[in-house]
Colleague: 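Take a look at this one; I'll ask things after.
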Amino acid sequence: KDLIRLKPSEIVCNPANWHEHPSEQIDFFIGLLAEVGFAGVCMVFVNEDGKYELVDGEMRTKFASEDDTPIPCVVLDVTRQEAQKLLAFYDQIGQRGTVNDIKLFELLNTLDLDDASLSKNADLILLGLDVEPAGGEAEEGTEVNQMELLPHEHYDYVIVLARNTHDWNILHDLLKLKTVRYGRSKKQIGVGRAIDAGHLIKLLKNGSSQGDTSGLVPIDPLLEAPPAPASKKAPKSRKRQ
């Protein structure tokens, strides 16, 4: 019917509203408000008492209610039954959409964000995208075929710790680990990658047979039983630092 600005005190909350807003979502919303301002509208309809009742936009209304700031509202020409249908399904339709990870990845990396909360949420979104990095890959013909990690499968694993940068660089070159993007600016090596065990064993065996001492451990110690754990001594009490 109309597009008007209403104070939150002029809007009646819908008793059937099912939305809940955790602190993480509110911080995300406030971050966008800080950088852009109000870009959407609340949906209201005129109820049986002649008052404006909310259909969608509860978080906007709550945020503006602190100082009763007028916010943009679109007045719908609907009955209560139609308003309840919108309340039940309007957000659900948006949640049924799918994401083009590559386009969203490219979009997020073009944004200049000042708000800390917005920047943090952008990084969290990027971490959830399935995007192959464009740069930092091994040269053609030297890349290791990586295992496909299947959901709901059990994996035994070995964690390898490099005690210095030299050892880490050797490991990076031997295993052909990729440099992948972490967030909007940081880069790390081999995040979320799986290395084929057969290839690693082959490297270890070759290193052992050729007398290579460039940081590789021979294969035999990996197959031996672990040493018996040392006896534990009672910990000394000390001040907490």
Colleague: Is the backbone of H166 close enough, under 3.5 Å, to the side chain of N164 for a donor and an acceptor to pair up by distance?
Modeller: yes
Colleague: Within the supplied structure, the quantity of interest is the number of heavy atoms (other residues, nucleotides, ligands) at a distance under 6.0 Å from E48 CD; does it exceed 12?
Modeller: yes
Colleague: What's the separation between atom CG in L126 and atom CG in N121, rounded to the nearest 0.5 Å?
Modeller: 11.0 Å
Colleague: Just how far is it from atom CZ of F45 to atom OG1 of T79, taken to the nearest 0.5 Å?
Modeller: 8.0 Å
Colleague: For residues 20-30, which side-chain donor-acceptor pairs fall under 3.5 Å, sequence neighbours excluded?
Modeller:
unit_1 : atom_1 : unit_2 : atom_2 : d
H21    : ND1    : Q25    : OE1    : 2.9
H21    : NE2    : E58    : OE1    : 3.2

Colleague: How far does OG1 of T61 sit from CG of L54, to the nearest 0.5 angstrom?
Modeller: 4.5 Å
Colleague: What distance separates R60 CZ from T69 OG1, expressed to the nearest 0.5 Å?
Modeller: 14.5 Å
Colleague: Where is the tightest heavy-atom contact between D91 and H19, given as atom of each residue plus distance?
Modeller: OD2-NE2, 2.5 Å
Colleague: Kindly work out whether a path of hydrophobic side-chain contacts (I/L/V/M/F/W/Y, heavy atoms less than 4.5 Å apart) joins V75 to V78.
Modeller: no
Colleague: Sub-3.5 Å donor-acceptor pair from the side chain of S119 to the main-chain atoms of A116, do we have one?
Modeller: no
Colleague: If I compare all heavy atoms of D77 with all of E82, which pair ends up nearest, and what's the gap?
Modeller: O-OE1, 4.2 Å
Colleague: Do V44 and V74 sit in the same hydrophobic cluster, where Ile, Leu, Val, Met, Phe, Trp and Tyr count as joined when their side-chain heavy atoms come under 4.5 Å apart?
Modeller: no
Colleague: Locate the shortest heavy-atom distance separating P15 from E53; write the atom from each residue and the value.
Modeller: CD-OE2, 3.7 Å
Colleague: Supply the atom-to-atom distance T98 OG1 to D101 CG, rounded to the nearest 0.5 angstrom.
Modeller: 9.5 Å
Colleague: What distance do Q92 atom CD and L86 atom CG have between them, rounded to the nearest 0.5 Å?
Modeller: 13.0 Å
Colleague: Please tell me whether L124 and L104 are part of a single hydrophobic cluster in this structure, the criterion being side-chain heavy atoms less than 4.5 Å apart.
Modeller: no
Colleague: In the single-linkage hydrophobic clustering (I, L, V, M, F, W, Y; side-chain heavy atoms under 4.5 Å), do Y52 and L76 co-cluster?
Modeller: no
Colleague: Do L108 and I102 belong to the same hydrophobic cluster, where Ile, Leu, Val, Met, Phe, Trp and Tyr are linked whenever their side-chain heavy atoms lie under 4.5 Å apart, directly or via other members?
Modeller: no
Colleague: What closest approach, in Å, do P72 and G40 show between heavy atoms, and which atom pair accounts for it?
Modeller: CG-O, 3.6 Å
Colleague: Under 3.5 Å, sequence neighbours excluded: what are the donor-acceptor pairs made by side chains of residues 2-13?
Modeller:
unit_1 : atom_1 : unit_2 : atom_2 : d
S9     : OG     : D68    : OD1    : 3.2
S9     : OG     : D68    : OD2    : 2.7
E10    : OE1    : K7     : N      : 2.8

Colleague: Taking all non-hydrogen atoms of both residues into account, name the closest pair between L118 and D115 and its distance.
Modeller: N-OD2, 2.9 Å
Colleague: Kindly give the heavy-atom pair with the smallest separation between D112 and E35, and that separation in Å.
Modeller: O-OE1, 4.0 Å
